[in-house]
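All remarks here apply to the structure that follows.
These figures come from a predicted structure and were not determined experimentally. Values below: every heavy atom of this structure, side chains too, minus hydrogens, waters and symmetry copies.
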Amino acid sequence: MSEPGALRTRLEGLVREVAKFGAVGAVGVLVDLGVFNLVRHFTELPVVRASIVATVVAIVFNYLGFRYFTYRDRDKSSRTKELVLFLLFSLVGLVIQNGLLYAATYGFGWDTPLQSNFFKFFGIGVATLFRFWSYRTWVFRALPAKEAVQTAESFLEKTPRQAVRRQPDHV
């Protein structure tokens with residue numbers, strides 16, 4: 001495969017990954033916002049606590065979606081390590097997401113249901129950027145064998161061309 005072809009293949013793979021991540025994430029957002037609004041409506045929990053409950057429910061949903069849909073082809077050799085890293089990075093995302101909601105609610109006094117939902121959604125968006133990067137980089141790592149095969153194929157495709165160029169012209 002040529003360099004442009006290899007780049008195109010990698011970009012297509014990234015687009016598929018982003019689409020799958022986005023599909024799971026979109027349903028996760030609905031779970032998060034749905035649980036958030038149900039908890040707000042049926043309990044007396046303060047806005048940020050209700051948001052944390054909803055975020056935890058969405059984290060569980062998202063792990064299942066990412067492991068068994070988005071990243072089902074990734075390394076599964078160390079599920080305990082994967083789960084610990086997922087929870088660690090999810091916790092950082094939870095702090096980002098709910099920190100923005102906390103600042104809007106208690107720092108600026110924006111606590112109407114519409115404002116709370118807006119800042120909840122905004123926080124989800126900001127935290128999603130961090131989560132995408134961290135999950136694909138640290139949690140759901142690509143299988144080393146797959147990368148090795150791609151590197152070997154790339155090397156083998158270059159080798160015949162280089163050998164042809166090195167032949168003398170008089171042969």
Side-chain angles (χ1 to χ4, degrees), residues 7-144 146-147:
L7 178 61
R8 182 177 176 179
T9 300
R10 289 186 72 175
L11 285 175
E12 288 171 353
L14 181 61
V15 167
R16 279 192 303 276
E17 179 182 346
V18 168
K20 287 179 172 184
F21 187 92
V24 171
V27 176
V29 167
L30 294 176
V31 168
D32 199 337
L33 290 172
V35 171
F36 173 67
N37 283 294
L38 286 172
V39 170
R40 288 287 315 265
H41 184 73
F42 291 109
T43 72
E44 295 295 321
L45 280 178
V47 66
V48 175
R49 288 185 191 165
S51 179
I52 290 170
V53 168
T55 302
V56 169
V57 171
I59 286 170
V60 171
F61 171 84
N62 286 344
Y63 177 76
L64 296 172
F66 293 144
R67 166 42 52 215
Y68 297 105
F69 178 67
T70 305
Y71 297 113
R72 69 177 174 257
D73 62 331
R74 300 290 176 97
D75 186 11
K76 298 176 184 90
S77 62
S78 180
R79 287 285 175 96
T80 302
K81 179 181 175 185
E82 172 185 283
L83 187 57
V84 168
L85 287 172
F86 181 85
L87 291 174
L88 175 72
F89 289 119
S90 294
L91 180 63
V92 173
L94 180 143
V95 170
I96 292 168
Q97 175 179 330
N98 291 292
L100 289 169
L101 180 62
Y102 181 89
T105 302
Y106 300 108
F108 295 101
W110 298 329
D111 61 356
T112 67
L114 180 62
Q115 291 168 330
S116 294
N117 277 285
F118 174 81
F119 285 102
K120 172 84 171 148
F121 186 77
F122 180 71
I124 290 170
V126 173
T128 295
L129 296 174
F130 168 77
R131 288 177 178 132
F132 178 74
W133 169 81
S134 63
Y135 293 166
R136 78 181 309 265
T137 304
W138 300 103
V139 180
F140 301 106
R141 298 181 63 115
L143 289 169
K146 190 175 186 179
E147 293 171 355

Fit a plane to each ring of Phe118 and Phe122, take the angle between them on a 0 to 90° scale, and name the class: parallel (under 30°), tilted (30 to 60°) or perpendicular (over 60°).
-> parallel
Of all the heavy-atom pairs spanning Val47 and Ser116, show the shortest one and how long it is.
-> CG2-OG, 3.6 Å
Measuring from Leu85:CG to Phe140:CZ, what's the distance to the nearest 0.5 Å?
-> 10.0 Å
Classify the side-chain pair Ser51/Asn98 by whether it contains a donor and acceptor separated by less than 3.5 Å.
-> yes
For Ala58 against Gly28, the heavy-atom pair lying closest together = CB-O, 3.7 Å
Could you tell me whether Phe121 atom CZ has more than 12 heavy atoms of other residues or ligands within 6.0 Å of it?
-> no
With rounding to the nearest 0.5 Å, note down the distance linking CG in Leu129 to CD1 in Ile96.
-> 9.0 Å
For Asp32 and Lys120, what are the C-alpha separation, side-chain angles and deciding distance, and is it a side-chain contact (heavy atoms from CB on, under 4.5 Å)?
-> CA-CA 9 Å; Asp32 199 337; Lys120 172 84 171 148; 2.7 Å; yes
Shortest non-hydrogen contact between Arg136 and Leu14, atoms and distance = NH2-CD1, 3.6 Å
Give the intermediate values and the outcome of salt bridge (Lys or Arg N to Asp or Glu O under 4.0 Å) for residues Glu82 and Arg67.
-> CA-CA 10 Å; Glu82 172 185 283; Arg67 166 42 52 215; 2.4 Å; yes
For atom CZ of Arg8, decide whether the heavy atoms of other residues, nucleotides or ligands shown that lie under 6.0 angstrom number more than 12.
-> no
Please indicate whether Trp133 has more than 12 foreign heavy atoms, meaning atoms of other residues, nucleotides or ligands, lying under 6.0 Å from its CH2.
-> yes
Report yes or no: does Thr128 contribute a side-chain atom to a donor-acceptor pair with the main-chain N or O of Ile124 at less than 3.5 Å?
-> yes
Mind checking what makes side-chain contact (heavy atoms from CB on, under 4.5 Å) contact with Ile59, not counting sequence neighbours?
-> Thr55, Phe86, Leu87, Ser90, Leu94
Minimal non-hydrogen separation, Gly93 against Ala127, with atom names = O-CB, 3.4 Å
Less than 4.5 Å apart, any side-chain heavy atom of Trp110 and any of Thr105?
-> no
Worked verdict on Asn117 versus Phe36 for side-chain contact (heavy atoms from CB on, under 4.5 Å) = CA-CA 9 Å; Asn117 277 285; Phe36 173 67; 3.9 Å; yes
Carboxylate-amine/guanidinium proximity below 4.0 Å for Glu17 and Arg74 | yes
CD (Glu12) with more than 12 external heavy atoms under 6.0 Å | yes
List the steps and the verdict of side-chain contact (heavy atoms from CB on, under 4.5 Å) for Asn62 and Val24.
-> CA-CA 6 Å; Asn62 286 344; Val24 171; 3.9 Å; yes
Spell out, as yes or no, whether a donor-acceptor pair under 3.5 Å connects the side chain of Ser134 to the backbone of Arg131.
-> yes
Could you give me the CA-CA distance, side-chain angles and deciding distance for Val18 and Phe132, then say whether side-chain contact (heavy atoms from CB on, under 4.5 Å) is met?
-> CA-CA 8 Å; Val18 168; Phe132 178 74; 3.6 Å; yes
Measure the acute angle between the ring planes of Tyr106 and Tyr102, then classify it against the limits of 30° and 60° as parallel, tilted or perpendicular.
-> tilted
Tyr135-Phe89 aromatic ring centre distance below 6.0 Å | no
Please round to the nearest 0.5 Å and tell me the distance separating atom NZ of Lys20 and atom CZ of Arg72.
-> 4.0 Å
